[in-house]
Amino acid sequence: MMKMTLIENKDITLILPTLNEEQNIKDVLDIVNNLYPDISIIVTDDDSADKTQDIVMDYRNGDVTLLDRSSEKEKGLTGSVLDAVRLVTTKYIIIMDADLQHPPEKIKQIAELLKHYDMVIGVREKVENSWPLHRKIISWGGDALARMRLVVKPFTCLDTMSGFFGIRTSLFKDVIQKHEKKYEKKGYKIMFETLKYIPKNTRIGYVNYVFGSRKRGESKIGGKHMIYHVKSVMK
Ligand SMILES: Nc1nc2c(ncn2[C@@H]2O[C@H](COP(=O)(O)OP(=O)(O)O)[C@@H](O)[C@H]2O)c(=O)[nH]1
Ligand SMILES: [Mg+2]
């Protein structure tokens, strides 16, 4: 009889990067723990000035670890996720924003596809909020540059600018070990950077999602992140 390979919640670590998410982090942890009991969660925080870290430390549901990067000199979203990956002991990793713009319900679909693919990318089929024009241009331009950079690859990524994705831990650790120095640690585009370095034969799956609007707190993305992205495209 063929053995069914099911990915269980305990095989997954969810990495949530945070910077001043006191208004969102408890809801995110509650929703994820309710939907996926036994999942491991790492909140990787870059010295939030608000109560984010206190909320995570006091949180008593499920398996939640706080990675406190307060003493880290080089802060940044990508660097904080790379550090979190080092702590992971489960077979699979899923990275998700901690502001509910990425729908936690989609974790299930990403996990299911990880049975068949090495990496599963969340593709924004719709952006719910009304982004200001400059933000649209940044996103469109960033994607165009990233696609050019990836043209040498035997795959076409359907959303290079997405921050919601899952990956086999051993593959991710391998890529990071070999290419860590080249990652733009202060940047936002860790998924794109990983695509630059993954082996040619990596099997990539896709899951569509609606990029929701940020209901609480503020976006931290700014002009400097565009520069980090351009630097990354050129590397
Ligand atoms: N650890 C860490 N997390 C960050 C940093 N900047 C943003 N984040 C988190 O990364 C996620 C996406 O950031 P956000 O500002 O919402 O970007 P946007 O959705 O593109 O506007 C959120 O969970 C943020 O709290 C950072 O420098 N370090
Ligand atoms: Mg956001």
Side-chain angles (χ1 to χ4, degrees), residues 13-32 41-57 59 64-88 93-104 106-107 121-124 126-143 146 159-165 183-193 209-229 232:
T13 299
L14 181 74
I15 297 179
L16 299 169
T18 53
L19 186 61
N20 299 330
E21 296 292 357
E22 67 176 6
Q23 300 186 65
N24 295 309
I25 189 66
K26 185 175 178 298
D27 286 354
V28 177
L29 294 175
D30 281 345
I31 292 169
V32 170
I41 302 176
I42 300 177
V43 179
T44 180
D45 185 83
D46 265 344
D47 203 15
S48 289
D50 66 3
K51 293 204 167 60
T52 304
Q53 291 211 3
D54 298 334
I55 294 168
V56 177
M57 273 187 301
Y59 193 82
V64 180
T65 306
L66 170 71
L67 174 55
D68 173 10
R69 294 177 85 244
S70 305
S71 56
E72 184 62 45
K73 273 195 228 88
E74 195 180 29
K75 303 282 198 305
L77 177 46
T78 292
S80 78
V81 173
L82 292 179
D83 273 0
V85 170
R86 275 183 259 279
L87 304 180
V88 173
I93 294 174
I94 296 178
I95 322 274
M96 188 176 89
D97 287 357
D99 55 9
L100 292 171
Q101 288 192 271
H102 293 157
K106 292 280 170 170
I107 290 172
I121 297 172
V123 176
R124 294 167 302 171
K126 189 172 164 234
V127 178
E128 210 174 53
N129 52 354
S130 45
W131 265 353
L133 185 65
H134 75 274
R135 185 71 204 270
K136 282 185 191 148
I137 293 170
I138 291 173
S139 183
W140 181 85
D143 179 58
D159 186 359
T160 59
M161 297 293 95
S162 179
F164 193 19
F165 68 103
Y183 274 84
E184 239 359 279
K185 314 279 187 316
K186 289 183 275 193
Y188 266 43
K189 301 302 167 197
I190 187 166
M191 201 274 296
F192 160 65
E193 299 210 79
Y209 73 97
V210 175
F211 190 68
S213 54
R214 186 185 253 278
K215 290 176 189 74
R216 295 188 221 128
E218 276 163 25
S219 169
K220 285 92 201 174
I221 203 162
K224 61 184 185 199
H225 297 107
M226 224 169 76
I227 296 167
Y228 301 139
H229 179 54
S232 158

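Whatever order the structure lists ligands and atoms in, that order sets their numbers, starting from 1.
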Please examine the side chains of Val32 and Ile41, heavy atoms only from C-beta on, and report whether any two atoms are closer than 4.5 Å.
yes

Any atom of ligand 1 sitting under 4.0 Å from a heavy atom of Arg214?
yes

Please tell me if the side chains of Ser48 and Glu22 come closer than 4.5 Å, counting only heavy atoms from C-beta onward.
no

Please list the nearest protein heavy atom to atom 15 (O) of ligand 1 with its residue and the distance rounded to 0.1 Å.
Lys220 N, 2.6 Å

Could you check whether atom NZ of Lys220 has more than 12 heavy atoms from other residues, nucleotides or ligands sitting under 6.0 Å from it?
yes

At what distance is the nearest protein heavy atom to atom 5 (C) of ligand 1, and which residue and atom is it?
Leu19 CB, 3.7 Å

Could you check atom 9 (C) of ligand 1 against the protein and tell me its nearest heavy-atom contact, residue, atom and distance included?
Pro17 O, 3.4 Å

Taking the N/O/S atoms of Asp99 one by one, which is nearest to the Mg ion (ligand 2)?
OD2

Atom pair CD1 (Ile25) and OG1 (Thr18), whose distance is rounded to the nearest 0.5 Å
5.5 Å

Note: ligand 1 atoms sitting under 4.0 Å from heavy atoms of Ser80 are 1 (N), 2 (C)

Give a yes/no verdict on whether any heavy atom in His102 is under 4.0 Å from an atom of ligand 1.
no

Could you identify the single nearest non-hydrogen protein atom to atom 20 (O) of ligand 1 and state the distance to 0.1 Å?
Arg135 NH2, 2.8 Å

With the threshold set at 4.0 Å, does a side-chain nitrogen-carboxylate oxygen contact exist between Glu74 and Arg69?
no

Got the closest protein heavy atom to atom 28 (N) of ligand 1, with its distance?
Asp46 OD2, 2.7 Å

heavy-atom search around atom 2 (C) of ligand 1 in the protein gives Thr18 O, 3.4 Å

Backbone of Ser70 reached by a side-chain donor or acceptor of Lys75 within 3.5 Å
yes

Do side-chain atoms of Asp97 reach the backbone of Phe164 as a donor and acceptor pair under 3.5 angstrom?
no

Does the residue Lys75 have a heavy-atom contact with ligand 1, meaning some pair of atoms that are separated by less than 4.0 Å?
no

Residue Tyr188 vicinity, atoms of ligand 1 by number, heavy atom under 4.0 Å:
6 (N), 7 (C), 13 (O), 15 (O), 17 (O)

Could you tell me whether any N, O or S atom belonging to Ser219 is less than 2.8 Å from the Mg ion (ligand 2)?
no

Are side-chain heavy atoms of Lys189 and Glu184 found at a separation under 4.5 Å?
no

The answer for which part of Asn20 has a heavy atom under 4.0 Å from ligand 1 is neither

Could you check whether any side-chain N or O of Ser80 sits under 3.5 Å from a backbone N or O of Leu77, counting only pairs where one atom can act as donor and the other as acceptor?
yes

Between Arg216 (side chain only) and Gln23 (backbone N and O only), is there a donor and an acceptor less than 3.5 Å apart?
yes

Taking atom types as modelled, is there a side-chain donor on Tyr209 or Ser162 under 3.5 Å from an acceptor on the other?
yes

Measure the distance from atom 21 (O) of ligand 1 to every protein heavy atom, then report the residue, atom name and distance (to 0.1 Å) of the closest one.
Ser219 OG, 2.5 Å

Tell me the contacting part of Arg69 for ligand 1: side chain, backbone, both, or neither, using a 4.0 Å heavy-atom threshold, strictly below.
neither

Can you tell me which portion of Phe211 lies within the under-4.0 Å heavy-atom range of ligand 1? Options are side chain, backbone, both, or neither.
side chain

Nearest-neighbour protein heavy atom for atom 19 (O) of ligand 1, which is reported as residue plus atom name and distance
Gln101 OE1, 3.0 Å

4.5 Å side-chain heavy-atom contact, Tyr183 and Ile190
yes

Which ligand 1 atoms are under 4.0 Å away from a heavy-atom of Glu21?
22 (C), 23 (O), 24 (C), 25 (O)

